[in-house]
Asker: 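Let me begin by handing over the structure; questions about it come next.
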Amino acid sequence: MKLRFAPSPTGLLHVGNARVALANWLLARQKGGRVLLRLDDTDTARSKAEYADALAEDLTWLGLDWDESFRQSDRLALYAAAAERLKASGHLYPCLENEDELKAKRDRQLRAGRPPIYDRAALSMTADQLARARANGKEPYWRFKLSHRSIAWRDGVLGERQVKLPSLSDPVLIRADGSPLYTFTSVVDDLDSGVTHILRGEDHVTNTGVQLDLWEALGGDPRALTFAHLPLLTDAEGGPLSKRLGALALRQLRRDGIEPAALAGYVAALGTATDPHPAMPRDLVPGFRLDAISRSAARFDPRQLLALNRRWLHGADFAAVQDRLPEGATEPFWLAVRGNLDLVTEAKAWWEVVAGTVVPPPQEEERDFLRAALETLPPEPWDEATWGAWTGALRNRTGRKGKALFLPLRLALTGDEHGPELKALLPQMGRERALLRLRVAAGAR
RNA sequence: GUCCCCAUCGUCUAGAGGCCUAGGACACCAGCCUUUCACGUUGGUAACACGGGUUCGAAUCCCGUUGGGGACGCCA
């Protein structure tokens with residue numbers, strides 16, 4: 001058993017890609033299959049090395065790995081050889097129309113209310129015409145002649161599906177400059193690398209029909225292949241995800257403070273009745289089931305993702321987040337604030353509270369109370385008992401209790417009405433900071 | 001435009017003719033707990049897109065409408 005994840009390095013990985021990659025990985029790891037990471041970089045104009053690097057990095061961040069990897073641009077000889085075989089068997093035919101002519105043809109068909117399918121005009125081109133074009137320096141591009149039949153398969157997610165080949169254009173496999181196209185390289189590689197399970201997005205179902213036809217033309221046994229297509233994700237409003245891709249790039253989510261366990265857990269449960277929980281891919285392996293995935297498109301809801309992220313954070317060990325915390329942040333600090341965070345990135349603000357500078361808002365009407373607080377502030381050393389001792393003394397002196405007692409203190413000390421327990425925060429910020437802030441809040445100077 | 005697919009609470013879904021006064025999780029709201037927030041806990045709001053059939057009986061089957069997604073590239 002071998003599965004492959006085959007992104008093209010033409011942009012950053014987004015949540016839709018992550019879902020497909022994760023599903024491939026989970027299925028492979030669950031059934032003891034191998035994972036191939038294949039870079040579909042035949043579009044040389046759009047492919048970039050930096051995206052290839054980013055891709056590997058993002059997959060690793062998500063907690064995925066792979067057993068083998070190659071890029072298609074390194075295997076051009078393989079595709080050329082396969083093309084020769086197809087030409088020899090009469091499956092590949094040369095065409096001369098340029099892109100403008102093809103576009104005009106399609107527009108004409110569309111206007112006539114017909115599907116824009118290639119009319120196979122080039123099939124009736126004579127050897128003489130071709131020779132003349134070549135003599136004039138015009139090289140042909142090559143199309144694969146589709147069979148006149150329907151291709152059917154039992155899809156792992158969608159159930160029984162079929163594609164009617166006669167209603168499709170013969171796909172271009174080789175450009176006029178000789179470079180191979182995705183439809184072709186994908187099949188050649190699947191055949192050559194021994195892929196057994198193809199798990200990809202639903203936008204590929206027509207490709208599956210075409211590629212199965214091509215697979216057979218190249219001598220492949222269609223029974224050796226199992227297909228499953230995941231319904232595409234939509235955005236939170238139910239619209240195409242493509243509009244939000246920038247915000248939903250793994251890079252961006254990571255930068256925003258989203259944890260890989262939150263993303264993996266969410267995306268693995270999306271489209272199923274399983275209750276999502278934050279977990280890294282390796283912990284999701286036992287529970288993964290392809291046939292549990294719904295046939296309808298699921299919405300990617302950032303709020304749900306955030307809820308999972310929050311849940312993960314609240315139980316996260318210091319060691320698990322240390323590298324994303326502000327310089328110098330300590331374990332007691334983390335334990336004190338983690339319960340108040342939705343995103344790790346929010347820890348920064350609390351680190352300012354205990355180790356940096358906070359300018360509290362002035363509380364003129366609380367001036368007397370804050371002065372009393374200043375006077376009763378215990379000497380250091382401080383520990384977790386200090387807050388209780390201090391507020392106890394203050395209560396005795398001012399007669400205040402409850403909110404009236406601690407809210408002005410919280411506001412003065414942290415600049416905010418809400419936050420982590422002051423019992424833990426106070427000793428971490430230290431007497432110096434506390435004094436300064438109380439004075440500022442009281443309006444002194 | 002043509003073809004394909006999909007359609008249950010805000011979100012993900014359970015539901016395969018009577019078990020449904022439609023269940024769960026998350027989100028949301030409220031109470032309790034907590035000297036704030038969060039956690040926890042208790043409760044609540046909230047859905048079968050619409051119209052026709054079939055049937056004793058339909059969320060479940062059929063047809064249509066509407067809505068959404070996808071495919072139709074010398075992109076992948």
Side-chain angles (χ1 to χ4, degrees), chain A residues 6-11 40-43 45-47 95 97-99 102-103 106-107 109-118 140-143 158-159 161-164 167-169 171-183 185-186 200-207 209 229 231-234 236-241 266 269-277 292 294-308 310-311 313-315 337-342 387-388 391 395 400-407 409-411 414 416-423:
Chain A
S8 63
T10 55
D40 284 6
D41 59 350
T42 49
D43 186 342
R46 292 194 302 150
S47 294
C95 305
E97 302 98 326
N98 64 36
E99 297 190 50
L102 291 172
K103 172 108 172 50
R106 281 196 297 269
D107 288 348
Q109 288 168 309
L110 242 24
R111 269 198 306 277
R114 316 243 339 135
I117 297 167
Y118 181 62
Y141 65 96
W142 300 78
R143 285 187 193 262
L158 304 178
R161 292 294 300 245
Q162 65 159 354
V163 170
K164 298 186 183 82
S167 68
L168 268 30
S169 291
V172 174
L173 263 36
I174 311 287
R175 288 193 183 93
D177 68 4
S179 59
L181 261 6
Y182 159 80
T183 309
T185 56
S186 183
R200 64 210 318 194
E202 194 177 8
D203 51 338
H204 281 287
V205 296
T206 23
N207 283 335
H229 295 86
L232 262 20
L233 260 27
T234 68
E237 282 74 48
L241 200 62
Y266 177 49
L270 236 199
T272 76
T274 313
D275 294 332
H277 63 280
S294 156
R295 281 149 88 134
S296 46
R299 300 182 188 209
F300 184 90
D301 188 347
R303 289 214 302 177
Q304 300 287 326
L305 176 62
L306 197 61
L308 282 190
R310 182 192 309 142
R311 217 201 298 173
L313 240 32
H314 289 182
V337 302
R338 66 177 183 181
N340 283 74
L341 308 178
D342 283 353
W387 170 254
T391 52
R395 184 186 55 221
R400 289 201 189 202
K401 58 183 180 179
K403 271 192 174 175
L405 175 66
F406 67 80
L407 211 54
L409 297 178
R410 171 175 287 282
L411 193 56
T414 70
D416 203 328
E417 292 183 3
H418 308 294
E421 280 192 70
L422 281 168
K423 180 176 81 167

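Every heavy atom of this structure was used, including side-chain atoms; hydrogens, water molecules and symmetry mates were not.
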Asker: Looking at every strand, decide which applies to A:Ala307 at a 4.0 Å heavy-atom threshold: base, sugar-phosphate, or nothing.
Answerer: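 Sugar-phosphate: the residue A:Ala307, judged by heavy atoms under 4.0 Å, touches backbone atoms but no base.
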Asker: Base, sugar-phosphate, or nothing for A:Ser179, non-hydrogen atoms under 4.0 angstrom?
Answerer: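 If one applies the 4.0 Å heavy-atom cut-off, A:Ser179 turns out to touch nothing in the nucleic acid.
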Asker: Judged by each residue's nearest nucleotide on RNA chain B, which is more toward the 5′ side, A:Asp275 or A:Gly388?
Answerer: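 In this pair, the answer is A:Asp275.
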Asker: Work out how far the C1' atom of B:rG52 is from that of B:rA30, and round it to whole angstrom.
Answerer: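 Looking at atom C1' only, B:rG52 and B:rA30 are 43 Å apart.
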Asker: Using a cut-off of 4.0 Å on non-hydrogen atoms, how would the nucleic acid contact of A:Leu110 be classed: base, sugar-phosphate, or nothing?
Answerer: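 Base contact.
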Asker: Using a 4.0 Å cut-off to any heavy atom of chain A, which nucleotides of RNA chain B are the first and last in contact, reading 5' to 3'?
Answerer: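 The protein-touched segment is B:rG1 to B:rA76.
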Asker: Under 4.0 Å, counting only non-hydrogen atoms across every strand here, what does A:Thr391 touch: a base, just sugar-phosphate, or nothing?
Answerer: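 Result for A:Thr391 = base.
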Asker: Describe the nucleic acid contact of A:Ala45 in one word from base, sugar-phosphate, nothing, applying a heavy-atom distance below 4.0 Å.
Answerer: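 Nothing, no nucleic acid heavy atom in range.
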Asker: Can you check the distance between B:rC39 and B:rC28, where both ends of the measurement are the P atom (answer in whole Å)?
Answerer: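 9 Å, rounded to whole Å.
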Asker: My understanding is that a pair needs two contacts under 3.5 Å, Watson-Crick or G-U wobble. By that rule, which nucleotide pairs with B:rG43?
Answerer: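 Checking every strand shown, B:rG43 finds its partner in B:rC29, with both distances under 3.5 Å.
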Asker: With RNA chain B as reference, determine whether A:Phe406 or A:Arg299 sits nearer its 5' end, using the nearest nucleotide of each.
Answerer: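 Comparing both residues, the 5'-ward one is A:Arg299.
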Asker: Describe the nucleic acid contact of A:Ser169 in one word from base, sugar-phosphate, nothing, applying a heavy-atom distance below 4.0 Å.
Answerer: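 Sugar-phosphate: the residue A:Ser169, judged by heavy atoms under 4.0 Å, touches backbone atoms but no base.
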Asker: Which residues pass the side-chain hydrogen bond (donor to acceptor under 3.5 Å, both in side chains) test with A:Asp107, sequence neighbours left out?
Answerer: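 Applying side-chain hydrogen bond (donor to acceptor under 3.5 Å, both in side chains) to A:Asp107 gives A:Lys103.
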Asker: Give A:Ser8 one of three labels, base, sugar-phosphate or nothing, depending on what nucleic acid heavy atoms sit under 4.0 Å from its own.
Answerer: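 The answer is sugar-phosphate, as A:Ser8 gets under 4.0 Å only of primed atoms, P, OP1 or OP2.
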Asker: Would you classify A:Asn98 as touching base, sugar-phosphate or nothing, given that sugar-phosphate means primed atoms plus P, OP1 and OP2, and contacts are heavy atoms under 4.0 Å?
Answerer: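 Base: the residue A:Asn98, judged by heavy atoms under 4.0 Å, touches a nucleobase.
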Asker: Look at all strands and tell whether A:Gly402 reaches a base, only sugar-phosphate, or nothing, counting heavy atoms closer than 4.0 Å.
Answerer: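 Result for A:Gly402 = base.
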Asker: Is there a Watson-Crick or G-U wobble partner for B:rU66 with both distances under 3.5 Å, and which nucleotide is it?
Answerer: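 Check on B:rU66: paired to B:rA7, both distances under 3.5 Å.
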Asker: Using only atom types and a distance under 3.5 Å, with no angle test, would you say the side chain of A:Thr272 pairs donor to acceptor with the backbone of A:Ala269?
Answerer: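 Yes, A:Thr272 side chain to A:Ala269 backbone: donor-acceptor pair under 3.5 Å.
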Asker: Please report the distance separating the P of B:rA27 from the corresponding atom of B:rC12, rounded so that it comes out in whole Å.
Answerer: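 One P to the other, the span is 15 Å.
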Asker: Counting the atoms with a prime plus P, OP1 and OP2 as sugar-phosphate, which does A:Arg46 contact under 4.0 Å by heavy atoms, base, sugar-phosphate, or nothing?
Answerer: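 Here A:Arg46 touches the bases of the nucleic acid.
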Asker: Sequence neighbours left out, what passes ring-ring contact (aromatic ring centres under 6.0 Å, His included) with A:Phe300? Give chain and number order.
Answerer: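 In terms of ring-ring contact (aromatic ring centres under 6.0 Å, His included), with neighbours along the sequence ignored, A:Phe300 is linked to A:Tyr266.
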Asker: Tell me whether A:Arg395 contacts the main-chain N or O of A:Arg400 through its side chain, where contact means a donor paired with an acceptor under 3.5 Å.
Answerer: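 Looks like no, no N/O pair under 3.5 Å.
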Asker: Under the side-chain contact (heavy atoms from CB on, under 4.5 Å) rule, collect the residues that match up with A:Leu102, sequence neighbours excluded.
Answerer: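 Expected list: A:Glu97, A:Arg106, A:Tyr118, A:Tyr141, A:Arg143.
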Asker: For A:Arg410, answer base if it contacts any base atom (sugar-phosphate contacts may also be present), sugar-phosphate if it contacts only those atoms, and nothing otherwise; contact means non-hydrogen atoms under 4.0 Å.
Answerer: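 The answer is base, as A:Arg410 lies within the cut-off (heavy atoms under 4.0 Å) of a base atom.
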Asker: Within the distance-only criterion (no hydrogens, no angle test), does the side chain of A:Arg299 pair as donor or acceptor with the backbone N or O of A:Thr234 below 3.5 angstrom?
Answerer: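 Side chain of A:Arg299 to backbone of A:Thr234: no pair is present.
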Asker: Under 3.5 Å for both donor-acceptor distances, Watson-Crick or wobble: does B:rG57 have a partner, and if so which one?
Answerer: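 Partner of B:rG57: none.
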Asker: With sugar-phosphate meaning primed atoms plus P, OP1 and OP2, does A:Arg111 contact a base, only sugar-phosphate, or nothing at under 4.0 Å between heavy atoms?
Answerer: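 Since no nucleic acid heavy atom lies under 4.0 Å of A:Arg111, the category is nothing.
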Asker: Rounding to an integer number of angstrom, what distance separates B:rA22 and B:rA14 when you compare their C1' atoms?
Answerer: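 Nearest-Å result for B:rA22 against B:rA14 at atom C1': 9 Å.
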Asker: Can you tell me how far P in B:rA49 sits from the matching atom in B:rG10, rounded to whole Å?
Answerer: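 12 Å, rounded to whole Å.
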Asker: If the condition is side-chain hydrogen bond (donor to acceptor under 3.5 Å, both in side chains), which residues does A:Gln109 pass it with, not counting sequence neighbours?
Answerer: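 For A:Gln109, no residue satisfies side-chain hydrogen bond (donor to acceptor under 3.5 Å, both in side chains) once neighbours in sequence are set aside.
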Asker: Please determine, for B:rU21, whether a Watson-Crick or G-U wobble partner exists with both distances under 3.5 Å, and give it or none.
Answerer: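 In the structure as shown, B:rU21 has no Watson-Crick or wobble partner.
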Asker: How would you list, by chain and number, every residue that makes a ring-ring contact (aromatic ring centres under 6.0 Å, His included) with A:His277, sequence neighbours excluded?
Answerer: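 Once residues adjacent in sequence are excluded, A:His277 has no partner under the ring-ring contact (aromatic ring centres under 6.0 Å, His included) criterion.
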Asker: Should B:rU36 form a Watson-Crick or G-U wobble pair with both distances under 3.5 Å, which nucleotide is its partner?
Answerer: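 Across all strands, not a single nucleotide pairs with B:rU36.
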Asker: Judged by atom type as modelled, is there a donor-acceptor pair below 3.5 Å linking the side chain of A:Arg295 to the main-chain atoms of A:Leu158?
Answerer: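 Pair found, side chain donor or acceptor close to backbone of A:Leu158.
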Asker: Taking any heavy-atom pair under 4.0 Å as a contact, classify A:Asp43: base, sugar-phosphate, or nothing.
Answerer: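 Contact class for A:Asp43: sugar-phosphate only.
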Asker: Using a 4.0 Å heavy-atom cut-off across all strands, classify A:Gln109 as base, sugar-phosphate, or nothing.
Answerer: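 Nothing, no nucleic acid heavy atom in range.
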Asker: Under a 3.5 Å cut-off for both contacts, is B:rA76 paired Watson-Crick or G-U wobble with anything, and if yes, with which nucleotide?
Answerer: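 For B:rA76, the partner nucleotide comes out as none, under the 3.5 Å rule.
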Asker: Is B:rA71 paired to anything, Watson-Crick or G-U wobble with both distances less than 3.5 Å, and if yes, which nucleotide?
Answerer: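 B:rA71 is paired, partner B:rU2.
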Asker: Between B:rG67 and B:rA58, how far is it from one P atom to the other, in whole Å?
Answerer: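 That atom pair is separated by 28 Å.
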